[in-house]
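These values consider heavy atoms only, across backbone and side chains, with no hydrogens, waters or symmetry-generated copies. Small disclaimer: the values here were computed from a predicted structure and weren't measured. Residues: numbered from 1 along the sequence shown. Each ligand, and each atom within it, is numbered from 1 in the order the structure gives.
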Amino acid sequence: EIRTPMNAIIGMTELVIDTPLTQTQREYLTMVQESGESLLGVINDVLDFSKIEAGRLELDPRPFALRDLLGDTLKSLAVRAHRDEIELACHVDPSVPDLLTGDSGRLRQILVNLVGNSLKFTKVGEVVLDVQLAAEPQTLPIRLHFRVKDTGIGIPDEKLKMIFEAFEQADNSMTRRYEGTGLGLAISSRLVELMNGQIWVESELQSGSTFHFLADF
Ligand code: ADP
C-alpha cells in the first residue's frame, strides 16, 4: 500500500518525460522523478527495518549465478561512478564457484548499500569489490568473503562500531552534505547475520575504508 502508489508516481513521471515538453517542464519532472526514487529508497529501508524489529525478515534462498549477479549489481552503480569519475572494479577469485544457492536479492541489497556508500563517501580514486573463498571449497556451505574497499573520507575510530546501529551516521553534521537514513548498514548487518556471517570495517581517516562481510551459500 505504500510502495504501489510510489511506483505509479515514478513510472508515470517517466512516461510524461518522454512526451513533448518545454525545457522548464522537463526540469521540474526530472526533479519529481529523482525525488520519487530517493523517497522509494527511504520507504524500502524503513519497511525492511520494521520487519527486522518485528523479527519477520527472512531469506528466500534459490539457485543463482554469482558472477552475473555481481555484474548486474555493479552495472546499476556504474552510472554514478562514471558521473563522479571514480573507478569501480570487481574481482572474483577463480576458485569461487559460480552456481550458488542463496538469497541473491538480499545479497544484491547488501552490495548496493556498501558499494553505494563507498561511492557516496569517495571524491577521488576507486571503489573495488573483491570476492574470495573464506574456507576450503570442498566443504559445504560455501563460505565467501566479500570486501568493498574505497579511497574515500574514512571513518573515525570511535565511530567504527556505532555506524552499524540504526539511524547512526559517523558525523551528523554531514547528513546534509551526504544524504541517507542511517539504516543501510543496520539492515545489511542483519542480512549478513541471517546468512550466518559477520560484517566489520577497517578504516583510516582521509585514506579510505574497507568493509568486509562473510556469508554462507
Ligand atoms: P546512510 O549511508 O544512509 O547514512 P548507512 O547505515 O549506510 O546509512 O551508513 C551509516 C554511516 O556510516 C554513514 O552515514 C557514514 O557516516 C558512515 N559510512 C558508511 N560507509 C562509509 C564509507 N564507505 N566511508 C565513510 N563513511 C561511511
(request) Could you go through the side chain to side chain contact (heavy atoms under 4.5 Å, CB included) check for L144 and V96 one step at a time? (result) CA-CA 8 Å; L144 297 183; V96 174; 3.7 Å; yes
(request) Just jot down the ligand 1 atoms closer than 4.0 angstrom to any heavy atom of S118, in number order. (result) 23 (N)
(request) May I ask you to list the atoms of ligand 1 that are less than 4.0 angstrom from any heavy atom of S209? (result) 24 (N)
(message) Is the ring pair F213/F146 parallel, tilted or perpendicular, if the boundaries are 30 and 60 degrees?
(response) parallel
(message) Among residues at least two apart in sequence or on other chains, which ones pass side chain to side chain contact (heavy atoms under 4.5 Å, CB included) with K159?
(response) I155, P156, M162, A170
(request) Please list, chain by chain and in numerical order, all residues satisfying side chain to side chain contact (heavy atoms under 4.5 Å, CB included) with D84, sequence neighbours excluded. (result) I86
(request) Evaluate the criterion side chain to side chain donor-acceptor pair (under 3.5 Å) for residue pair Q109 and R106; output intermediate values, then yes/no. (result) CA-CA 5 Å; Q109 185 177 355; R106 293 300 188 177; 2.6 Å; yes
(request) Could you tell me whether ligand 1 has any atom less than 4.0 Å away from a heavy atom of F164? (result) no
(message) Residue-level breakdown please: for T122 versus ligand 1, do any non-hydrogen atoms fall below 4.0 Å on the side chain, on the backbone, on both, or on neither?
(response) neither
(request) Indicate yes or no: does an N/O atom of F121 lie under 3.5 Å from an N/O atom of ligand 1? (result) no
(request) May I ask you to list the atoms of ligand 1 that are less than 4.0 angstrom from any heavy atom of G182? (result) 1 (P), 3 (O), 4 (O), 6 (O), 8 (O)
(request) Output the list of atoms in ligand 1 that are nearer than 4.0 Å to some heavy atom of G154, sorted by atom number. (result) 25 (C)
(request) Identify which of I155, T181, L185, I153 has a heavy atom lying nearest to atom 26 (N) of ligand 1. (result) I155
(request) Kindly say whether D60 contributes a backbone atom to a donor-acceptor pair with the side chain of D103 at under 3.5 angstrom? (result) yes
(message) I'd like to check which ligand 1 atoms, numbered from 1 as shown, lie under 4.0 Å from a non-hydrogen atom of N113.
(response) 7 (O)
(message) Heavy-atom contact check, 4.0 Å cutoff: does K159 meet ligand 1?
(response) no
(request) Answer yes if the side chains of N196 and R143 hold a donor-acceptor pair under 3.5 Å, and no otherwise. (result) no
(message) Under a 3.5 Å distance rule, please check whether Q25 uses its side chain to pair with a backbone N or O of T22 as donor and acceptor.
(response) yes
(message) Test your reading of the structure: does A186 have an N or O sitting under 3.5 Å from an N or O of ligand 1?
(response) no
